[in-house]
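Heads up, the thing below is written out as structure tokens.
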Amino acid sequence: KRNLALRKKIFEDKEDEQSKRQLEKLEQKYTLGDVNFDGVLNILDVVSLVNYVLSIITFTDEQIAVSDITQDGVINILDIVTLVNIILDS
């Protein structure tokens, strides 16, 4: 599946201005943990992530990319716990 890291890699290796702008757009568009893309990390993201891990719902490629909060290549309880900790610390 395509994820944010792969999308970023496409533009990181290029030196032209358009690629640099595309990379900046990607980095601004996506925040790790913001699975509903509302610009806020909150309980709605936690509930969605739990439902995804439990296979209750499916995610788009973009949602999958921002769900791997620990960046270990797997979306699991560690990502949920990390997201909860990020929210509690903010």
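At a threshold of 4.5 Å between side-chain heavy atoms, the hydrophobic network of Ile, Leu, Val, Met, Phe, Trp and Tyr places Leu88 and Val40 in two separate groups. If you chain together hydrophobic residues whose side chains sit under 4.5 Å apart, Leu49 and Val81 fall into the same group.
The closest side-chain heavy-atom distance from Ile64 to Tyr52 is below 4.5 Å. Phe37 has its side chain within reach of Gln63: a pair of non-hydrogen atoms, C-beta onward, lies under 4.5 Å apart. Contact of the Asp34 side chain with the Val66 side chain is not registered, since no non-hydrogen atoms from C-beta on lie closer than 4.5 Å. Using a 4.5 Å heavy-atom threshold, the side chains of Asp79 and Leu83 count as separate.
With Asn51 contributing its side chain and Ile57 its backbone, the two residues share no donor-acceptor pair below 3.5 Å. Judged by distance alone, the side chain of Asp45 and the main-chain N or O of Asn36 form a donor-acceptor pair under 3.5 Å.
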**Report entry** Stepwise side-chain contact (heavy atoms from CB on, under 4.5 Å) check, Asp68 with Val74
**Finding:** CA-CA 6 Å; Asp68 186 13; Val74 181; 5.6 Å; no
- Message: Let's go through Ile69 and Leu78 carefully: what are the C-alpha distance in whole Å and the side-chain angles of both, what is the deciding distance for side-chain contact (heavy atoms from CB on, under 4.5 Å) to 0.1 Å, and is it a yes or a no?
- Response: CA-CA 8 Å; Ile69 301 163; Leu78 295 177; over 6 Å; no
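Across Val50, Val47, Asn85, a single residue satisfies side chain to side chain contact (heavy atoms under 4.5 Å, CB included) together with Ile80, and that is Val50. A side chain to side chain contact (heavy atoms under 4.5 Å, CB included) with Thr82 holds for exactly one of Ile77, Leu32, Thr70; it is Thr70.
With values rounded to the nearest 0.5 angstrom, Leu41 atom CG is found 11.5 Å from Asp89 atom CG. Put simply, CG on Leu44 and CD1 on Ile87 are 9.0 Å apart, with the number rounded to the nearest 0.5 Å. Once rounded to the nearest 0.5 Å, the distance linking OG of Ser67 with CG of Asn76 reads 11.0 Å.
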